[in-house]
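The first residue of the sequence shown is numbered 1, and numbering continues consecutively from there. Owing to the predicted nature of the structure, the values given are computational and were not obtained by experimental measurement. In listed order, ligands and their atoms are each counted from 1.
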Amino acid sequence: MDNRRWISWLILNLVVASDKVSAIFVDEPLLYDTFPPDFIWASATSAHQIEGAWNVDGKGPSIWDTYTSQPGIVAEGATGQTACNSYYFYQKDVDALKSLNVSHYRFSISWPRVLPNGIGQVNQPGIDYYKNLIAALKVANIQPMVTLYHWDLPQALEDMGGWLNASVADWFEEYARLCFTQFGDDVKIWVTLNEPWITAWQGPKYGPGTYTYQAGHNLILAHAKAYRLYESTFKASQQGKVGIALNVNWFFPGSDLIADKDAAERALQFMGGWFANPIFGSGDYPSIMKLKIGEKSAQQGFNQSRLQENTAEQKPWQKLLVPGSADFLGINHYTSSLTVNQPSNINDVSYESDQDLYSYYDPSWYGSGSPWLKITPFGLRNLLGWLRDKFNNPEMIITENGCSDTAGNLDDMLRIYYYKHYINNVLKAIKTDGVKVSGYTAWSLMDNFEWRAGYNEKFGLFNVDFSSPELPRTAKASARYIAQIIHDNGFRSDQPCNNYPISK
Ligand code: BGC
């Protein structure tokens, strides 16, 4: 085939394939059934996105406090300096959670609030804040699910190299020891790291395709050290579980071509397998990552692979520390894309180029308030099946799933559609596909500081009126919808909100 014919043939294939994929999303019938009796229902936030009080009561600055103080970085110059002011208004958050009927609240501890310099001196008011929050949750009969690291590294540690410093795993272990000691009697579910993929790839300075893997390597070590510390010193008395939250999208092959199917699998391995394979799989990086990055590094003139080699010195940590270092796999999932094989320019040294692929969205998919988030509920079920198969059906908790808009309207029908179909796909994964999902967490409890998007992209089940000093939280329609699903522990066909002609 000459080039032009080949391209038209490829486009035709893409159109046919994307038609097939879109068809899957249209009016997908609901499964009316219930979740297992002890299913965990949660909603989530993170410290920097809600707490505010960024410089009070002895808190040290985090990298996000520094980052947002530079002009032009975050939409409309927004910062997390006040956010939802949950440092003072946490009781409002607990009241909102109570009305959702959740069994758990996933929040994160701000590392520099409890250890202003990241290591060393403990800040007692910071400890007290989390103790008070946990006590308020207890009164409301809600269990804490606590993330140790949701991106707000103490600036003092960043100044020493942050996630690129080989000592960072030890710093994290000591921070984890403090948290397990202080809060472990009440916290039975711990998440070590939120989305190490984001930290390694999109962290402010880890961009080039060498630092990315170095940061990733240190993140895995940090997670594993915290896990082993809990296992050896706290588990017997505290009886909790420790996992990690990985963000993994689903990748549909853009066509039936084998090369495109391989590209979609490669995308999954580079995103999910990168962290999941060392911890839940063979103990090493996925072989496709080792192959691709090794080959490219050689062609680019590096004298060793940019991905950490499996050398004799590194084997001990891989063998003893990392494999099996989690009691559950936390999955943050939002969206899917279509993926085709596309060789990249060899001079481009980057994590994206290492993958030799191109991902895009089907224009027929519903969008959201975030450019990267398309509504593809069936992708979640596919992903759960893939994780079941690759990692020997581990216990999984959906640690985040949710949808944004920019309007913040209380009558948020799009979000209801999203939750209905994504949660129903989790139910199908459990009941039909035998996947072991033990919990579901809606992101987010309320509109909050959405990182570089500032306050424009709103993910909340509760609206927050940022123009009022009291920052009132008001339930959106989606909050009532989720409360109903949780109350029913599943989908009842006689609930009007679940019952449309298509399901008959
Ligand atoms: C993060 C959250 C974020 C959400 C929506 C997740 O990747 O953990 O902090 O707000 O996505 O972008």
Going by the angle between their ring planes, with limits at 30° and 60°, are Phe234 and Tyr230 parallel, tilted or perpendicular?
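Correct class here is parallel.
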
Can the ring centroids of Tyr213 and Trp274 be said to lie less than 6.0 angstrom from one another?
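Centroid distance Tyr213-Trp274: below 6.0 Å, so yes.
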
Could you pull out all residues at least two apart from Ser86 that satisfy side chain to side chain donor-acceptor pair (under 3.5 Å)?
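In terms of side chain to side chain donor-acceptor pair (under 3.5 Å), with neighbours along the sequence ignored, Ser86 is linked to Asp93, Arg473.
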
Answer yes or no: are there more than 12 heavy-atom neighbours, outside Gln70 itself, under 6.0 Å from its atom CD?
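Counting neighbours around CD of Gln70, more than 12 heavy atoms of other residues, nucleotides or ligands fall under 6.0 Å, so yes.
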
Under the salt bridge (charged side-chain N to carboxylate O under 4.0 Å, His left out) test, which residues partner Arg480, sequence neighbours left out?
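Arg480 satisfies salt bridge (charged side-chain N to carboxylate O under 4.0 Å, His left out) with no residue once adjacent residues are dropped.
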
Residues two or more places apart in sequence or in another chain: which of them pass salt bridge (charged side-chain N to carboxylate O under 4.0 Å, His left out) with Lys131?
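Lys131: no salt bridge (charged side-chain N to carboxylate O under 4.0 Å, His left out) contacts found.
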
Put together the list of close N/O pairs, under 3.5 Å, between ligand 1 and the protein, could you?
{"residue": "ligand 1", "atom": "7 (O)", "partner": "Glu195", "partner atom": "OE1", "Å": "2.7"}
{"residue": "ligand 1", "atom": "7 (O)", "partner": "Glu195", "partner atom": "OE2", "Å": "2.7"}
{"residue": "ligand 1", "atom": "8 (O)", "partner": "His150", "partner atom": "NE2", "Å": "3.1"}
{"residue": "ligand 1", "atom": "8 (O)", "partner": "Asn194", "partner atom": "ND2", "Å": "2.9"}
{"residue": "ligand 1", "atom": "8 (O)", "partner": "Glu195", "partner atom": "OE2", "Å": "3.4"}
{"residue": "ligand 1", "atom": "8 (O)", "partner": "Glu400", "partner atom": "OE1", "Å": "3.1"}
{"residue": "ligand 1", "atom": "8 (O)", "partner": "Glu400", "partner atom": "OE2", "Å": "2.9"}
{"residue": "ligand 1", "atom": "9 (O)", "partner": "Gln49", "partner atom": "OE1", "Å": "2.8"}
{"residue": "ligand 1", "atom": "9 (O)", "partner": "His150", "partner atom": "NE2", "Å": "2.8"}
{"residue": "ligand 1", "atom": "9 (O)", "partner": "Trp451", "partner atom": "NE1", "Å": "2.9"}
{"residue": "ligand 1", "atom": "10 (O)", "partner": "Gln49", "partner atom": "NE2", "Å": "2.9"}
{"residue": "ligand 1", "atom": "10 (O)", "partner": "Trp443", "partner atom": "NE1", "Å": "3.2"}
{"residue": "ligand 1", "atom": "10 (O)", "partner": "Glu450", "partner atom": "OE1", "Å": "2.6"}
{"residue": "ligand 1", "atom": "11 (O)", "partner": "Tyr334", "partner atom": "OH", "Å": "3.4"}
{"residue": "ligand 1", "atom": "12 (O)", "partner": "Glu450", "partner atom": "OE2", "Å": "2.5"}

